[in-house]
Amino acid sequence: MTLGGSGSGGPGAIPPGSAPAAAAALDAPPRPVTIAGRRSPWGRLGLHLTLAIIAIIWLLPTISLFVSSFRPEAAVNTSGWWNAFSLPFQFTTDNYFAVLTRNNLGQSFLNSLIISIPATVIPIMIAAFAAYAFAWMNFPGRDILFVLVVGLLVVPLQAALIPVLQLSVNLGIVGTFPAVWLAHTAFGLPFAIFLLRNFFGAMPREMFESASIDGATPTTAFFRLALPLAVPAIASLVIFQFMWVWNDLLVALVLVGGFPQVAPMTVTIANLVNSLGQGWHLLTAAAFISTLLPLIVFFGLQRYFVRGILGGSVKG
């Protein structure tokens, strides 16, 4: 039996005269395939040009601050920073020498480190334990307690300063580093617990069930499974908390502002300008020094930043 013969008219039959057309179609050059959603080169150029303009505008204050920090006082008081690139050039390091030697900024930089590092590590450590408990451990009142913690996010910092100051006075720690550590720990815990709880909650339940079947305790599962996987979220919290503590003026001014030996950079920089407005040109050098370490921390951990923020935003 012959199937699809030329005279049978079956489904496999080739219509008369179609063989040359088929051969011509095979010999024809392939047509370009249009990919759906592909942008034109002009659209990419416009996008990149827009982003470059935004980046330049965003960096302009930092560039002007950096240039002004190397200009003498007379030039800063009489002309704009862009005039520094016109002849004759007038650049000096006297501003940095003044703020680092005569205005105690070197000691204040060390004080800021002593305040910022523990005030970043302590709340993140506590928040990691609490967030894991809220996400994967069952205990009475868990949901109610978590709602209360989230509710603390809306409490204004200014409304809590007086009770915090009174508590520090009662404990006898006003004017010491522990006073600032405890204050920043208390103010930073709600957000840290909220972010980490969402991140831990987005982890697969099967992973913890398998670890439990293999005999892992909740402590082992936390340190061997949850904590290593939460590195992006923890790095994001480190950026947030460190920059907030490093740039804080209000809490430091209330708790240690009257004690220059433990005052951070923000308090010292605020005191550079006297009541008559003299010495404001030193603010450029002091402000640029204060921004160096946060920039290093941010660029060092930026690859974790977006992953940590978005990690628990969909589920949890």
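Here the structure is a predicted model, which is why all the values come from computation and not from measurement.
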Do [X] and [Y] have side chains that get closer than 4.5 Å, going by heavy atoms?
| X | Y | answer |
| --- | --- | --- |
| Phe85 | Val67 | yes |
| Ser168 | Leu255 | yes |
| Leu161 | Leu165 | no |
| Tyr96 | Ile289 | yes |
| Ile115 | Phe177 | yes |
| Val267 | Leu249 | yes |
| Leu225 | Thr220 | no |
| Leu196 | Ile234 | yes |

How close do [X] and [Y] get, heavy atom to heavy atom, and via which atoms?
| X | Y | value |
| --- | --- | --- |
| Val164 | Ala183 | CG1-CB, 4.1 Å |
| Ala160 | Phe187 | CB-CE2, 3.7 Å |
| Ala233 | Leu195 | O-CD2, 4.4 Å |
| Gly188 | Gln241 | CA-OE1, 3.8 Å |
| Pro123 | Leu189 | O-CD2, 3.3 Å |
| Gly201 | Ala135 | N-CB, 3.9 Å |

Note to self: So that I know where these two stand, are Phe109 and Trp246 an aromatic pair - ring centroids less than 6.0 Å apart?
What the structure shows: yes
Item checked: Aromatic ring proximity, centroids under 6.0 angstrom, Phe200 and Phe134 -> no
Cluster overlap [X] with [Y], hydrophobic side-chain contacts below 4.5 Å:
| X | Y | value |
| --- | --- | --- |
| Leu152 | Leu250 | no |
| Val174 | Leu167 | no |
| Tyr132 | Phe191 | yes |
| Phe242 | Leu110 | no |
| Leu253 | Met243 | no |

Notebook entry, point to check: For Glu209, which residues count as a side chain to side chain donor-acceptor pair (under 3.5 Å) partner, sequence neighbours excluded?
Noted result: none
Next item on the list: For Leu60 and Trp81, run side chain to side chain contact (heavy atoms under 4.5 Å, CB included): C-alpha distance rounded to whole Å, both residues' side-chain angles, the deciding distance at 0.1 Å, then the answer.
Entry: CA-CA 11 Å; Leu60 197 59; Trp81 64 271; 3.9 Å; yes
Would you compute the distance between atom [atom1] of [X] and atom [atom2] of [Y] and round it to the nearest 0.5 angstrom?
| X | Y | atom1 | atom2 | result |
| --- | --- | --- | --- | --- |
| Ile124 | Leu237 | CD1 | CG | 5.0 Å |
| Leu113 | Met265 | CG | CE | 9.5 Å |
| Ser68 | Leu283 | OG | CG | 11.5 Å |
| Thr268 | Asn111 | OG1 | CG | 7.5 Å |
| Glu73 | Thr78 | CD | OG1 | 10.5 Å |
| Ile193 | Ile126 | CD1 | CD1 | 8.5 Å |

Notebook entry, point to check: If we ignore angles and hydrogens, is there a donor and acceptor under 3.5 Å between the side chains of Arg71 and Ser79?
Noted result: yes
Margin query: Under a plain distance cut-off of 3.5 Å, with no hydrogens placed, do Thr284 and Ser69 share a side-chain donor-acceptor pair?
Written below: no
[X] atom [atom1]: more than 12 heavy-atom contacts under 6.0 Å:
| X | atom1 | result |
| --- | --- | --- |
| Ile162 | CD1 | no |
| Met207 | CE | yes |
| Ile144 | CD1 | no |
| Phe97 | CZ | no |
| Arg142 | CZ | yes |

Would you say the side-chain atoms of [X] pair up with the backbone N or O of [Y], donor to acceptor, closer than 3.5 Å?
| X | Y | value |
| --- | --- | --- |
| Trp136 | Ala226 | no |
| Ser212 | Phe208 | no |
| Thr266 | Asp248 | yes |

Item checked: Worked verdict on Thr176 versus Ile173 for side chain to side chain contact (heavy atoms under 4.5 Å, CB included) -> CA-CA 6 Å; Thr176 63; Ile173 58 175; 3.5 Å; yes
Next item on the list: With sequence neighbours excluded, tell me which residues meet ring pair (Phe, Tyr, Trp, His ring centres under 6.0 Å) with Phe288.
Entry: Phe66
Margin query: For Phe146, does the six-membered ring have the charged nitrogen or CZ of Arg197 within the cation-pi criterion, i.e. under 6.0 angstrom from the centroid and within 45° of the normal?
Written below: yes
Check: What class does the angle between the rings of His184 and Trp244 fall in, given that below 30° is parallel, 30 to 60° is tilted and above 60° is perpendicular?
Finding: perpendicular
